Protein chains: 2
Amino acid sequence: MTRPVRKDALRNYQRLLETAEHAFTAHGTHAPLEQIARDAGVGIGTLYRHFPNRDALLAALLQERWIDQAALAEKLHEEDGDPVEALRTWLTAVARGTLLYRDLPDACLRLMSDPESEMHRAWKQVRDGGDRLLERARRVGGVRSDVTTVEMFALVHGAIAALHKSAAHHPGTVSDASRMIDLLIDGIAAPTAPRHPST
Amino acid sequence: MTRPVRKDALRNYQRLLETAEHAFTAHGTHAPLEQIARDAGVGIGTLYRHFPNRDALLAALLQERWIDQAALAEKLHEEDGDPVEALRTWLTAVARGTLLYRDLPDACLRLMSDPESEMHRAWKQVRDGGDRLLERARRVGGVRSDVTTVEMFALVHGAIAALHKSAAHHPGTVSDASRMIDLLIDGIAAPTAPRHPST
DNA sequence: TTGCGATCCGGAGGGTTCCTCCGTATCGTA
DNA sequence: TACGATACGGAGGAACCCTCCGGATCGCAA
């Protein structure tokens, strides 16, 4: 059997998480890890023992939120409302989640597409939730048939990232996020070959 | 009057540009500048005298392409074909231009939105070209009325960036670029307020 | 309570990249 | 050819990443 974690280790782990949350919020996902360790009252070595790299730290912070996103998809799926509206609601929530820290969208895309990541299980749940919502919307003809959950995520995260980067010199643009999402949804929702509406 | 540039300076300038082009193509926009200087057979100080930072180097490489993009917009505008198709053609060309180096979309967004950038004049030309194409498409009702050229650029560059980042672990996805563009265009082309037409 | 492994901590230090600074070398004109 | 203007080179400081291991701390067992 394996011993329980020593309580100083646990305390440091939690302090690091809290401090990292603040640092990422204030300075984006590239906030210096040495600063985080210092602010947590801990040596840099301790940080690296608990979190072997920046992504591991980010992953620990995001895990919970991703599971929440999967749960929201499940809830929307069961509520049985308008499928396209459900998709819109969900993607908006996803977008809001990725607005948390500067450069978070980049990190999310990295974590998502890395099969070695510890986030892969959580990401799989999110993707499954998205698949269900997408599939339902597709059945009522509300969504073009060739779009995937992964692509939706790429587009949403890409749009948010672009927003962040443009906003660096034109602050205030972040509120445009929902308009971008609308635009994306309309693209996703459009019939597959919309500009020659033959059929 | 001001003296002409010394010919050794000119030679080094051109060598640096060529070498940077290769390095960025091979290793993305974050290729080490010291390596570029070395490969160009030049000291690091010389690189920094010609190009005060990475963006200046990138700008020198992109300037010409951006002007080409503006010219393409002008050409499409004058050819007087289907306005939405013209927009699609143009955005596809823009997207292809940003696929050149890894992480180029991020750099483009940065250069675009920085009014201090030396790229600002070229970017203005590109934006004007986009505005004209967009306006024409809007007049025939082929495009929602609330989308701007800047937003189109953000969406396209964001999508390409996301593609690049996802492709890091799933190579080959880059060919999906044109499908993403289609999806975006369909969103841009959708009617303005499709589901809540309330004023 | 004390002793002693097992566990965990801290931060020095090596590596990478950025960018600056200034003594030295080269250029091109007079 | 000589000299001022111009450009070069690379040492070095700063920021950040991450590793490594001697030493401190914890917590069970006696």
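A, B, ... follow the sequence lines: proteins, then strands. Residue 1 opens every chain. Treat the numbers as computed from the prediction; the structure is a model and nothing was measured. Both backbone and side-chain heavy atoms feed into the values below; hydrogens, waters and symmetry mates do not.
Residue B:Ile44 contributes atom CD1, which lies 15 Å from atom C1' of D:dA7 at whole-angstrom precision. Look at CZ on A:Arg6: it is 11 Å from P on D:dC28, rounded to the nearest Å. In this structure, A:His27 places its NE2 atom 15 Å from C1' of D:dA15, rounding to the nearest Å. What separates CZ of B:Arg38 from P of D:dG10 is a distance of 11 Å, to the nearest Å. What separates CG of B:Leu10 from C1' of C:dC27 is a distance of 14 Å, to the nearest Å. The nearest whole Å value for the distance from the CZ atom in B:Arg15 to the C1' atom in D:dG9 is 15 Å. To the nearest angstrom, P of D:dC16 lies 16 Å from CG of A:Leu57. Here the C1' atom of nucleotide D:dA7 and the CG atom of B:Leu47 are 14 Å apart, to the nearest Å.
In this structure, B:Leu33 and B:Val5 both approach DNA chain C, and ranking their closest nucleotides by distance from the 5' end singles out B:Leu33.
The closest side-chain heavy-atom distance from B:Asp186 to B:Leu183 is not below 4.5 Å.
Heavy-atom contacts from other residues, nucleotides or ligands closer than 6.0 Å to CD of B:Glu64 number 12 or fewer.
Minimum atom distance to the side chain of B:Arg49 is reached by D:dA7, of the listed C:dT17, D:dA7, C:dC8. If you check D:dC17, C:dG10, C:dT17 against the side chain of A:Glu34, the one that comes closest is D:dC17. Here the side chain of A:Asp8 is nearest to one of D:dC16, D:dC26, C:dT17, namely D:dC26. Considering only side-chain atoms of B:Tyr48, the nucleotide from C:dT20, D:dC16, D:dC8 that sits closest is C:dT20. Across C:dA12, C:dG28, C:dC19, the shortest atom-to-atom separation from the side chain of B:Lys7 is found for C:dG28.
Across all strands shown, A:His30 has no heavy atoms under 4.0 Å from either base or sugar-phosphate atoms.
Residue A:Thr46 has a polar side-chain atom (N or O) positioned under 4.0 Å from OP1 or OP2 of C:dG10. Between A:Asn12 and C:dC8 there is no side-chain polar atom (N or O) within less than 4.0 angstrom of OP1 or OP2. Residue B:His50 has no polar side-chain atom (N or O) positioned under 4.0 Å from OP1 or OP2 of D:dA7.
A salt bridge between B:Arg15 and B:Glu18 is absent, with no side-chain N of the basic residue lying under 4.0 Å from a carboxylate O of the acidic one.
Counting only distance, with no hydrogens or angles, the side chain of A:Arg179 and the backbone of B:Asp146 share a donor-acceptor pair below 3.5 Å.
Put simply, the residue from A:His157, A:Lys165, A:His164 that forms a side chain to side chain donor-acceptor pair (under 3.5 Å) with A:Asp106 is A:Lys165.
For a distance-only test at 3.5 Å, the side chain of A:Gln35 fails to qualify as a donor-acceptor partner of the base of D:dC16.
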